[in-house]
Protein chains: 4
Amino acid sequence: MMKAARIVEPQKPLEISEVETPHPQDVQVLVKVKTVGVCHSDLHLWEGGYDTGDGFMKVTDRGVKFPVIPGHEIVGTVTEVGKAVQGIGVGDNVLVYPWIGCGVCSACRIGNDNLCDTPRSLGLFQNGGYAEYVLVPHFKFLAKVVGIDLDAAASLACSGLTAYTAIKKSNANSQHNMVIFGAGGLGLMGVQIARALTNANIICVDIDDAKLAIAKEMGADHTINSKDPETIQKILGLCNNKGADCVIDFVNAPPTVRMGLAIIRKRGTLVLVGLFGGSIDLSLVTIPLKSITIQGAYTGNYNDMLELLGLARRGVINPFISKRYKLSEANNALEDLKSRKIVGRAVINP
Amino acid sequence: MMKAARIVEPQKPLEISEVETPHPQDVQVLVKVKTVGVCHSDLHLWEGGYDTGDGFMKVTDRGVKFPVIPGHEIVGTVTEVGKAVQGIGVGDNVLVYPWIGCGVCSACRIGNDNLCDTPRSLGLFQNGGYAEYVLVPHFKFLAKVVGIDLDAAASLACSGLTAYTAIKKSNANSQHNMVIFGAGGLGLMGVQIARALTNANIICVDIDDAKLAIAKEMGADHTINSKDPETIQKILGLCNNKGADCVIDFVNAPPTVRMGLAIIRKRGTLVLVGLFGGSIDLSLVTIPLKSITIQGAYTGNYNDMLELLGLARRGVINPFISKRYKLSEANNALEDLKSRKIVGRAVINP
Amino acid sequence: MMKAARIVEPQKPLEISEVETPHPQDVQVLVKVKTVGVCHSDLHLWEGGYDTGDGFMKVTDRGVKFPVIPGHEIVGTVTEVGKAVQGIGVGDNVLVYPWIGCGVCSACRIGNDNLCDTPRSLGLFQNGGYAEYVLVPHFKFLAKVVGIDLDAAASLACSGLTAYTAIKKSNANSQHNMVIFGAGGLGLMGVQIARALTNANIICVDIDDAKLAIAKEMGADHTINSKDPETIQKILGLCNNKGADCVIDFVNAPPTVRMGLAIIRKRGTLVLVGLFGGSIDLSLVTIPLKSITIQGAYTGNYNDMLELLGLARRGVINPFISKRYKLSEANNALEDLKSRKIVGRAVINP
Amino acid sequence: MMKAARIVEPQKPLEISEVETPHPQDVQVLVKVKTVGVCHSDLHLWEGGYDTGDGFMKVTDRGVKFPVIPGHEIVGTVTEVGKAVQGIGVGDNVLVYPWIGCGVCSACRIGNDNLCDTPRSLGLFQNGGYAEYVLVPHFKFLAKVVGIDLDAAASLACSGLTAYTAIKKSNANSQHNMVIFGAGGLGLMGVQIARALTNANIICVDIDDAKLAIAKEMGADHTINSKDPETIQKILGLCNNKGADCVIDFVNAPPTVRMGLAIIRKRGTLVLVGLFGGSIDLSLVTIPLKSITIQGAYTGNYNDMLELLGLARRGVINPFISKRYKLSEANNALEDLKSRKIVGRAVINP
């Protein structure tokens, strides 16, 4: 038996109780959880869905079945392996790739399990890491963690990965002006990754001066508090008055997307990442006339996660853990995140 | 002196008169116009702008200066060349690439003059082909026309090129379900090109059964009249109930884009091409959750135009000319296009 | 029990005998073989290895274990499925993707099982299709065959796939001059595919006028018999005297590769496909000065195979079966292939 | 009049004399040279050609005409501009992109002037920077230099650019083992760039321990002196005994290329950069069986040069100048380079 925190019903407190400890068969691996990140997606799961602008998209309509153990940013130690497991052994510290797919659809076939038609993600569609142990369905979803702080590594499986994919989709290069909306956990990770991978002129926009100060420290060339009514003009001024080559919107709420469309230049790319919700009025003729691209980014694939681990090992990115909880405090952790008390990333150490 | 039809003021009849015949210097080339296509963009120029959904975008605000000779789908014969011209000689039949750029901005440097920051397109920002002669600023914007009907070649510079780029941006492959909105000049060209370049399951949607019949002939696997209230369900049924992998919207009006978003599958690409105008209410959270891409397509580059000429020479695509006008009938040509009397493509033979 | 033809030892006649019929578990599928192609790779397997120019590379050193049932171009009917099989049912006609990999290495993770570090290909590293039945390890390696002749479909799993990948690697476009060496089974498939997918000027070179005549029929723009001492000058003449943009060498023997290097233009790509063997003297300084690329092509991935099935279904390519054998004639089939008696493709119908 | 050092005849001392100062017309720009790099290519030009393994390739057969002023790594200050020059003004410090092309061939059209069919490179096909002034044919070949040491910037136009392109062609990522042959000027720049752009495991190989020590400082994870008879085994041991994913050979001489082929893994890429010369015996069958790629790299394009300037400005790369000469010492500079007395980069300050 093991201790676990389960969502039994949306919007009800998580139930913390003893459940059966799974045992790995064949290619499966059992991991003792050391750290599990507390992510906004856990909140969406707990709330039961997303605001679509004109309604509510239930997670149960997307295939979630309650009760479920949440938690998809998992670092731990291998304690038991199935008979067909190769290259991973008991005692290895591992980061778990949670965005598991069917293995057969056209996305999975090229390694993009995160975009699977019928996803089986850990902590969402099957039990995750808010528990003492987690069963990983195949050893290929594990990456060894060596030379990095284990708590810091956890966030690379989701928020880090999402930021990384979003920056990659922006195709930014050295001549480019890049605007990043949001200096929260995702946005700050985005700034660090953009600084590490590109020579772009990075402009970070948020409504919180304290967060913007951290963004500057982490490599943003310019920061703007969007409470300033001149924000658009200021951004344009920093972009040779032509507009931004790419905008990465880690908020993805109506005000940020509207601003993004106002400042994007011809041929520019607007990457939408956040799951804040709402809708905007989109003018159609400008899309072809300016030849712009609007692209959604959703987590990333296993290879991207390995890349990120490489960046972290070289010290180029430093995920920032601000608060730690016990497993018995899982409800507090989610409440704190909901009421915006968390700066950077919080983790649970079961 | 030469005869030319000029737009002197938006929404006023074109003035047909004698103007100075230009003479080519240095790398410039003078082309005697044999055929010039009558394009929807000519109408937008004549009307003075575009409907943006919440206003009117004036072409003069985009850099157009009246009076100007319209006409950007130009085929003709070289009659005089500047001293530095190479590889092109008097008597050559040529298709003119009209989407000329500054040559220095980041788009031009990689050959995408059509996406130039400060475009100098023929028939828009400088004099075009509604005239007996047109001055082409550099011999590199010409492509020899051999083995193709000259009238048919004209449309490859704009409508063909736009359709080609749009199909390419859709990244369609053999396993894909492709939906094409619009079976007008652009859409039919799109169907032909998609048939020639991909194995996709092509579904063409329009409100005109006659046009849909032609689409089927030209290679569409399925056609649907969108007056049918079951259109969305029918499309989904033809797409394994997962949705279309790509939608190419040659109309780009609110009803088609809304339908496009309703039928696009996870990871799908929606390419917006038409300049119809208007706006839609866009739900933000679905963009990252479905990881979709919305992309504008605007004409294409010189290399794409060469590719198209190759396809036409092999007989794989057959631009379809339905009506011919004299230069003196330029106003009639535009009026007929405006009142939707043209099926396929009309041309002027000066 | 089922009848099978096994290679028991290199260079000894295949043993045709009764062996245990396998039974599918879990995700496995049992296929009753209708057609299995007779391929040059079967010959290499039978001979025990390859000529490397300065020695002999044994297949056993690459992981092959005798006895083994050869045969990797397999079309058949599903007769039994494991419990976890989805989307494939008893009675389905299928083409088998034989280039199965480990599923975990960096090639397999992005769907390139054909380039796996530790390949498990059917008919090579595990039993193949020279038998009444073949056990396919996972249903994801099957593609349904509908609307194509079953015998013709078989070759799409290897020779067709190899030709397809090679043409794709050449990056040919409409302005390009493409030289194809070899008008055998692979080369003729290459000509058809190149004709279907590109506007390139296709020049096919072989030593056999009869085969060149077929190449011309299948879409080659020019053919040259390389017994002609002026071959190089002729090719250059057909390539604007600048050289070929791409050369696809389906022979890959010293004379063809030497000629390929002599006719390749600056920035050109030389794709080596055949396994004929031998070696050449390569001048090093010309590689960077001409900025050329030499690339090996080895079969292809599952998605490429689906693409090919699409091309075949549309009638764009027509694999050409010239001879049929019974399973009991397996030795004759290989002998005939070895002594160059086969034009196009031979198959065995067990 | 201005002072210049000209190659009047191969293998004769450069003539240092007064020549006419050019005056810029139209889009041309006159630059007062502050720094010009002394490059191995200058030596090849001076010697009149390259060793091809089986002969000598004369530069005059490639289009060079003597006398010519060498020098293609040019940094200077704009002193006069033609009437059509935009965005560049008198007094600007600039790095000159020297790999100028015809502007019309298929390479130039997509911005790869460095791969032009009929190159017009400065310091090779037209007068370069071993002079007080250099005439640049178009303002688009200039990049402003701000925030970088001017002497250090010079090498970015050639050795830095070549190293950058080579590293990019290797497609290295974080899971990759990268072997760099040569720790001279190019190789050390390659190590720095690889360290900045990838997470690869970098193994640098040379015959000089002092240079290898610098390579380690600049970011190589491992260094090996290839005098060690166990070099191949050691490299394989550092590459999981599978071989290197990519080899970048900045020497490109028979021993290094042979070793490169011995250590390259399946699917690996071998990038050949150096112009050392000679030839090797290449086994043909291994190219397709291992699916490897051999690719030449030759300088780079203007956008790559901008990227590099961005990296230098951020301090990520630091070109290393070891020796400075006056223009009157041009012959000494070349002699010193020839006799291997230069570590890193030498420059002339006219």
Side-chain angles (χ1 to χ4, degrees), chain C residues 44 49-55 57 62 105-107 112 114-117 119 162 165-166 169 173 175-176 240 242 245 249 251-254 256-257 265-267 269-299, chain D residues 44 49-55 57 62 105-107 112 114-117 119 162 165-166 169 173 175-176 240 242 245 249 251-254 256-257 265-267 269-299:
Chain C
H44 287 294
Y50 309 87
D51 165 19
T52 61
D54 62 348
M57 184 196 295
R62 298 186 75 221
C105 77
S106 60
N112 292 334
N114 57 310
L115 302 177
C116 176
D117 285 335
T162 298
T165 308
K169 287 197 174 186
N173 70 30
Q175 304 144 264
H176 281 181
N240 315 320
K242 285 186 183 156
D245 296 272
D249 189 339
V251 181
N252 193 18
T256 57
V257 179
R265 72 170 290 171
K266 200 169 177 174
R267 310 185 297 275
T269 297
L270 175 57
V271 182
L272 303 183
V273 188
L275 303 178
F276 186 93
S279 68
I280 61 150
D281 196 53
L282 180 70
S283 164
L284 298 176
V285 82
T286 52
I287 311 283
L289 279 182
K290 292 181 72 174
S291 202
I292 60 174
T293 300
I294 301 172
Q295 212 170 4
Y298 180 73
T299 71
Chain D
H44 287 295
Y50 308 87
D51 166 18
T52 61
D54 63 347
M57 184 196 295
R62 299 185 76 220
C105 77
S106 60
N112 292 334
N114 58 309
L115 302 178
C116 177
D117 284 336
T162 299
T165 309
K169 287 198 172 184
N173 70 31
Q175 304 144 262
H176 280 181
N240 314 321
K242 284 185 183 158
D245 295 271
D249 189 341
V251 181
N252 194 18
T256 57
V257 178
R265 71 170 291 172
K266 202 169 176 175
R267 309 186 297 276
T269 297
L270 175 57
V271 183
L272 302 184
V273 189
L275 303 177
F276 187 93
S279 69
I280 59 149
D281 196 56
L282 180 71
S283 164
L284 298 176
V285 82
T286 53
I287 311 284
L289 280 182
K290 291 180 74 175
S291 203
I292 61 172
T293 301
I294 301 172
Q295 212 170 5
Y298 180 73
T299 72

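Sequence lines set the chain letters: A, B, ... in the order given, protein chains first and strands last, and positions in each chain run from 1.
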Hey, can you pull the donor-acceptor pairs under 3.5 Å for the side chains in residues 276-290 of chain D, sequence neighbours left out?
{"unit_1": "D:Ser279", "atom_1": "OG", "unit_2": "C:Asp281", "atom_2": "OD1", "d": "3.3"}
{"unit_1": "D:Ser279", "atom_1": "OG", "unit_2": "C:Asp281", "atom_2": "OD2", "d": "3.2"}
{"unit_1": "D:Asp281", "atom_1": "OD1", "unit_2": "C:Ser279", "atom_2": "OG", "d": "3.3"}
{"unit_1": "D:Asp281", "atom_1": "OD2", "unit_2": "C:Ser279", "atom_2": "OG", "d": "3.2"}
{"unit_1": "D:Ser283", "atom_1": "OG", "unit_2": "C:Thr52", "atom_2": "O", "d": "2.7"}
{"unit_1": "D:Thr286", "atom_1": "OG1", "unit_2": "D:Ser283", "atom_2": "O", "d": "3.0"}
{"unit_1": "D:Lys290", "atom_1": "NZ", "unit_2": "D:Ile264", "atom_2": "O", "d": "2.8"}

Practice item. Work out which heavy atom in D:Lys266 is nearest to a heavy atom in C:Cys116; give both atom names and the distance. Key: NZ-O, 2.8 Å
Practice item. Could you tell me which portion of D:Ile292 (side chain, backbone, both or neither) has an atom closer than 4.5 angstrom to a non-hydrogen atom of chain C? Key: backbone
**Study point:** Residue, of D:Thr269, D:Leu275, D:Thr299, D:Asn114, that accumulates the most heavy atom pairs under 4.5 Å with chain C
**Key:** D:Leu275
Practice item. Taking the side chain as every heavy atom from C-beta outward, state whether C:Thr293 and D:Thr293 have any pair of such atoms under 4.5 Å apart. Key: yes
**Study point:** Between NZ on residue C:Lys242 and CG on residue D:Asp117, distance to nearest 0.5 Å
**Key:** 4.5 Å
Check your understanding: What part of D:Val273 is in contact with chain C, defined as an atom under 4.5 angstrom from a non-hydrogen atom: side chain, backbone, both or neither?
Key -> backbone
Practice item. Would you give the length of the straight line joining atom CG of C:Asn112 to atom OG of D:Ser291, rounded to the nearest 0.5 angstrom? Key: 8.5 Å
Review point. Nearest 0.5 Å, what's the CZ-OH distance between D:Arg267 and C:Tyr298?
Key: 13.0 Å
Review point. Where on D:Ala166 is there a heavy atom nearer than 4.5 Å to chain C: the side chain, the backbone, both, or neither?
Key: neither
Check your understanding: Hey, which of D:Ala107, D:Ala253, D:Ser106, D:Gly55 has the most heavy atom pairs under 4.5 Å with chain C?
Key -> D:Ala107
Review point. What residue in D:Leu115, D:Leu270, D:Thr162, D:Val257 has the most heavy-atom pairs under 4.5 Å with chain C?
Key: D:Leu115
